[in-house]
Number of protein chains: 4
Amino acid sequence: MANKAAPDSSRRSERSRRAIFDAALALVGEVGYDKLTIEGIASRAGVGKQTIYRWWPSKAAVLLDAFTVDVEDYEQGLPDTGDLAADLKFVLRATADEFNDPAFQAPYRALAVAGANDEELSRTFVGRLLEPGIRVYVERLRAAQEAGEVDAGIDVRVAAEMVLSPFSQRWLMRTGELTYDFVDTLVDQVLRGLRPRD
Amino acid sequence: MANKAAPDSSRRSERSRRAIFDAALALVGEVGYDKLTIEGIASRAGVGKQTIYRWWPSKAAVLLDAFTVDVEDYEQGLPDTGDLAADLKFVLRATADEFNDPAFQAPYRALAVAGANDEELSRTFVGRLLEPGIRVYVERLRAAQEAGEVDAGIDVRVAAEMVLSPFSQRWLMRTGELTYDFVDTLVDQVLRGLRPRD
Amino acid sequence: MANKAAPDSSRRSERSRRAIFDAALALVGEVGYDKLTIEGIASRAGVGKQTIYRWWPSKAAVLLDAFTVDVEDYEQGLPDTGDLAADLKFVLRATADEFNDPAFQAPYRALAVAGANDEELSRTFVGRLLEPGIRVYVERLRAAQEAGEVDAGIDVRVAAEMVLSPFSQRWLMRTGELTYDFVDTLVDQVLRGLRPRD
Amino acid sequence: MANKAAPDSSRRSERSRRAIFDAALALVGEVGYDKLTIEGIASRAGVGKQTIYRWWPSKAAVLLDAFTVDVEDYEQGLPDTGDLAADLKFVLRATADEFNDPAFQAPYRALAVAGANDEELSRTFVGRLLEPGIRVYVERLRAAQEAGEVDAGIDVRVAAEMVLSPFSQRWLMRTGELTYDFVDTLVDQVLRGLRPRD
DNA sequence: GTTTAATCGAGACGGTACGTCAAGTCTTGGC
DNA sequence: GCCAAGACTTGACGTACCGTCTCGATTAAAC
C-alpha cells in the first residue's frame with residue numbers, strides 16, 4: 001500500500017527543512033500563493049527540488065508545515081476572568097490585529113484557499129489549525145455554561161461558530177472590515193442569546 | 001486608461017460566448033478548478049484561445065461570468081410568513097441541499113477560493129454573488145425588527161452574518177456537515193438573542 | 001498511426017529553424033556532443049524548448065539536420081582525369097584535411113556515434129551522408145572499369161570500401177593518423193589489386 | 001598526481017566487482033547504452049553507488065572492464081595453414097558470426113561509440129581491444145610476406161586495415177551486411193593486390 | 001584473537017536536464 | 001474585424017540521474 005518506498009526520515013537534513021520553511025514563508029509573502037513555486041522555494045532555500053518532493057506532496061503541504069511550526073500556541077486556552085464578554089472581546093480584538101497583519105495574511109489565506117480544492121490538505125489544515133482554534137472557544141463557553149453564565153440548553157459548539165465564523169468569513173471573503181466595533185457588536189449579540197432564561 | 005484597443009462587443013459571437021460558458025462549467029465539474037485550463041475550455045468549446053483572452057482576463061473571470069449567468073435568482077427575497085424562525089429554517093434547509101449538491105460545489109468553491117488570492121476578482125464575486133445573498137437576509141431581519149419581533153437595538157447586518165457565516169464557513173472549510181439539525185440549532189440560538197428585551 | 005497530431009509545417013518559423021541549427025553546431029563544437037543539451041540549444045538560439053521538441057525527436061536529429069544543411073556537396077562526383085590513382089589520392093588528401101579540422105570533427109563524430117546506438121537515426125545518417133559519399137567512389141571506379149583500367153571481375157562496391165573504410169575507421173576510432181603517406185599507400189595497395197590481369 | 005587518496009585495492013570486495021560486471025553487461029543488453037545508468041548498475045548489483053565511483057570514473061569504464069574480462073582471447077594468433085586466403089576467410093567468417101550475435105553487439109558497439117567522444121577511454125579501448133585484434137592480422141600477413149606469398153613492398157599494416165576496416169565499418173555504421181560472400185570477396189580483392197609482382 | 005580503519009550497502013543531498021503542459025502573445029487564412 | 005487554429009517564447013512542472021556526502025555494519029589487515 002505504501003506507494004513509493006518512503007524515505008528514511010532519521011537521515012533527514014534539519015538544516016534543509018528549516019531553510020525550506022523560511023524560504024516558503026518569505027516567498028509567499030513576497031509574491032503571493034499563486035506565484036509561489038517549488039522551484040522558487042528550492043532555489044531560495046539553496047536546496048535541490050528533489051529534497052522538497054521527497055518530503056512533501058505539494059507546495060500547499062510545505063506551506064502548511066512551515067506555517068504550523070511557527071503557530072502552535074493554542075496550548076493555554078482562552079483567558080477566564082469570570083467575565084465572558086470581556087474575555088471574548090479581548091481575544092477577538094487581538095486576533096483581529098493579527099489577521100490585519102499582511103505578513104500573516106498571505107500564508108493563512110493561501111492555505112484556507114488551497115484547502116478548498118484539496119480535500120486531503122483541507123483535513124490537515126482544519127485539524128491542525130482551525131479545530132484547535134475553535135476548541136478553545138468551545139471550552140471557554142462550556143466553562144461559562146458550568147458557571148451558570150450560559151443557558152444549559154445552548155449548543156456551545158454552534159455558539160462558538162456564531163462568534164468565529166462571521167469573523168473569519170469577513171476576513172477571508174473580504175465581505176467586511178475586522179474592526180473593534182464589529183467584534184464588540186458580534187460578541188454582544190451572540191451573548192444576548194446565550195444568557196440563562198429567567 | 002483603456003488598456004488595449006478594446007474589442008468591439010457589437011460584433012461579438014454569442015454562440016462562442018455560450019459555448020465557452022458551457023465548456024467552463026462542464027470542465028470545472030469534471031477536473032476541478034486547479035486543472036481547469038484556458039486551452040481546455042477553448043478546445044472543448046471549439047473556440048480559439050484568443051477569443052477567450054479577448055473578452056476575459058483569467059479563467060476565474062470566465063467561470064464567474066459562466067456561473068452568474070445561471071444563478072441570478074435573488075430577486076424575490078426571502079419568504080415572510082410572519083414567523084421569522086420558520087422562514088429562516090426553510091430557506092437555509094433548501095440552501096443546505098443546494099450546497100450539498102456536487103454539481104454546484106465545484107464552481108462555487110473554486111470562485112470563493114480564487115477570490116481569496118485575487119482581490120479584484122474577489123470584489124466582483126462578493127458584489128455579484130455574496131452581497132445580494134446577505135442582503136435578502138438583512139431585509140427579512142429588518143422587516144422583523146419593524147414588526148417588533150426583533151429588538152430595536154440589534155445590528156441586523158451582524159445578525160445576518162451570525163446566521164450565514166457559520167453555515168457557509170462549515171461548507172467552505174469542511175469544518176462540519178450542513179444538516180437540518182445544525183441549521184435549526186443555529187437559527188434558534190441566533191434568534192434567542194434577537195428577541196426584544198422585556 | 002500518426003502518433004501526435006503532426007504540426008503544420010507550412011506555418012513553421014524559418015528564423016527559428018536557422019537559429020537552432022546555428023546554435024546546435026556552435027555548441028557541439030564548444031562543449032562536445034555529450035554535454036550538448038536541448039535546453040542549451042534552445043537558450044542559445046533564443047527559442048522555446050517546445051519549438052525544438054515540436055520538430056525533432058532528439059538532439060541527434062537536430063544535429064543531423066543542422067549538419068546536412070551545410071554539407072550537401074556530393075553533387076559533382078569525383079574528378080576523372082583518366083588517372084585513377086591520382087584522382088583518388090587528390091580527393092582523399094583533401095578529405096583528410098577536412099577530417100583533421102576540429103570544427104568538422106565534433107558534429108560528424110557525434111553523429112557517427114549517436115547512430116551506433118539509434119538504429120533509426122543511423123539509417124538517416126548513412127543514407128544522407130555516408131552512402132552518397134561511397135557512391136561517388138563506386139561511380140569513379142566503375143568508370144575506370146569501363147575504361148579497362150580496372151579488371152572486369154572486380155566488385156567495385158567492395159573496392160570502394162577498401163579505400164574508404166580504413167580511412168574513416170582510423171579517424172573515427174583513432175587507430176591511426178590520416179597522413180598523406182597513409183592515403184597514398186592505401187590507394188596504391190588497393191589499386192594494385194584492381195588492375196586487369198595479364 | 002594521485003587525485004583523491006587512492007583506495008586500498010587489497011581490501012576490495014571481489015564479490016562486488018563481479019556483481020557490478022554482471023549487472024552492467026546484463027543491463028546494457030536489456031536497455032542499451034544510453035539508458036544504462038550507474039544507479040541502475042548499482043541497484044541491480046546490490047551495491048552502493050559509491051562502490052562504483054570508488055573504482056571507476058564512468059559507466060563506459062565499467063563496461064570496458066566488464067567486457068574485457070570476458071574477451072581476452074587473442075593470445076593464440078591467427079591460424080597458419082600456409083593458405084593465406086583460406087586462413088583469413090575462416091577467421092573473418094567466424095568473426096562475422098560473432099558480430100551478428102545480438103548479445104555481443106550492445107556492449108561492443110556502445111564502447112566503440114563512447115570512445116569517439118572520450119579520447120581517454122578511446123585510447124584504452126583501442127589499446128586493449130582493437131589493436132590486439134589488428135596485430136594478429138598484421139603478424140599473419142608478415143609471416144606470409146616472409147614466406148614470399150606477399151610482395152616485399154607491401155605495407156602489411158595498411159593491408160590488414162584493408163581487410164578489417166571495411167568489415168568493422170559495415171557493422172558499426174550499418175552500411176552493409178556481414179555475409180560470407182562479402183567476406184570472401186573482400187579477402188580475394190585484397191589479396192589480389194598483395195601478390196608478388198612477376 | 002582482538003583491534004581498527006577502510007570498504008561496503010544504503011540513500012539523502014545540491015544540482016542539471018529531461019520531456020510535458022499551459023500561459024499569454026502573435027500570425028495566418030476564412031468568413 | 002472577429003473568428004478557429006495553432007506556432008511561438010516563457011516558465012514551471014515532476015522525474016531521473018549525476019557525483020558527493022554521510023551513516024552504521026561488515027570485514028580483512030595489522031597488531
Side-chain angles (χ1 to χ4, degrees), chain A residues 4-5 7-13 15-16 19 35-40 42-43 45-55 57-59, chain B residues 4-5 7-13 15-16 19 35-43 45-55 57-59, chain C residues 4-5 7-13 15-16 35-43 45-55 57-59, chain D residues 4-13 15-17 19 35-43 45-55 57-59:
Chain A
K4 250 319 155 123
D8 176 350
S9 54
S10 74
R11 315 187 59 178
R12 185 166 186 182
S13 162
R15 140 195 286 274
S16 295
K35 289 186 184 153
L36 179 68
T37 65
I38 299 274
E39 291 201 341
S43 128
V47 136
K49 275 204 287 181
Q50 204 55 44
T51 300
I52 299 183
Y53 284 111
R54 185 152 35 230
W55 303 107
S58 67
K59 66 176 178 177
Chain B
K4 245 326 159 119
D8 176 350
S9 53
S10 72
R11 313 193 64 173
R12 183 166 188 182
S13 159
R15 138 196 286 273
S16 295
K35 289 186 185 152
L36 179 69
T37 65
I38 298 276
E39 293 199 340
I41 297 172
S43 131
V47 138
K49 280 204 286 179
Q50 201 57 293
T51 301
I52 298 183
Y53 283 111
R54 188 156 24 233
W55 303 108
S58 67
K59 68 176 179 177
Chain C
K4 252 315 157 137
D8 176 350
S9 53
S10 73
R11 313 188 62 176
R12 184 166 187 182
S13 161
R15 141 195 286 272
S16 294
K35 290 186 184 152
L36 179 68
T37 64
I38 299 273
E39 293 201 339
I41 298 171
S43 129
V47 137
K49 276 204 286 182
Q50 205 58 48
T51 300
I52 299 184
Y53 284 110
R54 182 156 31 234
W55 302 108
S58 66
K59 67 176 178 179
Chain D
K4 249 319 156 134
D8 176 352
S9 54
S10 72
R11 316 194 63 170
R12 183 168 188 181
S13 161
R15 139 197 286 272
S16 295
R17 193 169 145 274
K35 289 185 185 154
L36 180 68
T37 64
I38 298 275
E39 293 200 339
I41 298 171
S43 132
V47 137
K49 279 203 289 180
Q50 201 58 271
T51 301
I52 298 182
Y53 284 110
R54 184 153 33 230
W55 303 107
S58 66
K59 68 175 178 178

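In what follows, chains carry the letters A, B, and so on, assigned in the order in which the sequence lines appear, proteins first and then strands, with residues in each chain numbered from 1.
- Residues satisfying the side-chain hydrogen bond (donor to acceptor under 3.5 Å, both in side chains) criterion with B:Glu39, sequence neighbours excluded, are B:Lys49.
- A:Ala45 and A:Ala19 get closest at one heavy-atom pair: CB-O, 3.5 Å.
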Between the protein and nucleotides 27-31 of chain F, which nitrogen or oxygen pairs come in under 3.5 angstrom?
from: F:dA28; atom 1: N3; to: D:Arg11; atom 2: NH2; distance (Å): 3.0

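- Remark: C1' of E:dA23 and CD1 of B:Ile41 are 13 Å apart, rounded to the nearest angstrom.
- Looking at every heavy atom in both residues, C:Gly48 comes nearest to C:Ala42 through C-CB, 4.2 Å.
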Check nucleotides 10-13 of chain F against the protein and report each pair of N or O atoms closer than 3.5 Å, with its distance, or say if there are none.
from: F:dC13; atom 1: OP1; to: A:Ile38; atom 2: N; distance (Å): 3.0
from: F:dC13; atom 1: OP2; to: A:Ile38; atom 2: N; distance (Å): 3.4
from: F:dC13; atom 1: OP2; to: A:Glu39; atom 2: N; distance (Å): 3.0

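- Residues satisfying the side-chain hydrogen bond (donor to acceptor under 3.5 Å, both in side chains) test with C:Ser10, not counting sequence neighbours, are C:Asp8.
- The side-chain hydrogen bond (donor to acceptor under 3.5 Å, both in side chains) test applied to A:Ser16 returns A:Ser13, not counting sequence neighbours.
- The salt bridge (charged side-chain N to carboxylate O under 4.0 Å, His left out) search around C:Lys59 returns none, not counting sequence neighbours.
- When atom types are taken as modelled, the side chain of A:Ser9 and the backbone of A:Arg12 share no donor-acceptor pair closer than 3.5 angstrom.
- Dashed line: the shortest gap from a side-chain N or O of D:Trp55 to OP1 or OP2 of E:dA6 is not under 4.0 Å.
- The minimum heavy-atom distance linking B:Ile52 with B:Ile41 is given by the pair CD1-CG2, 3.8 Å.
- A:Ile52 has its CD1 atom 12 Å from the P atom of E:dG15, to the nearest Å.
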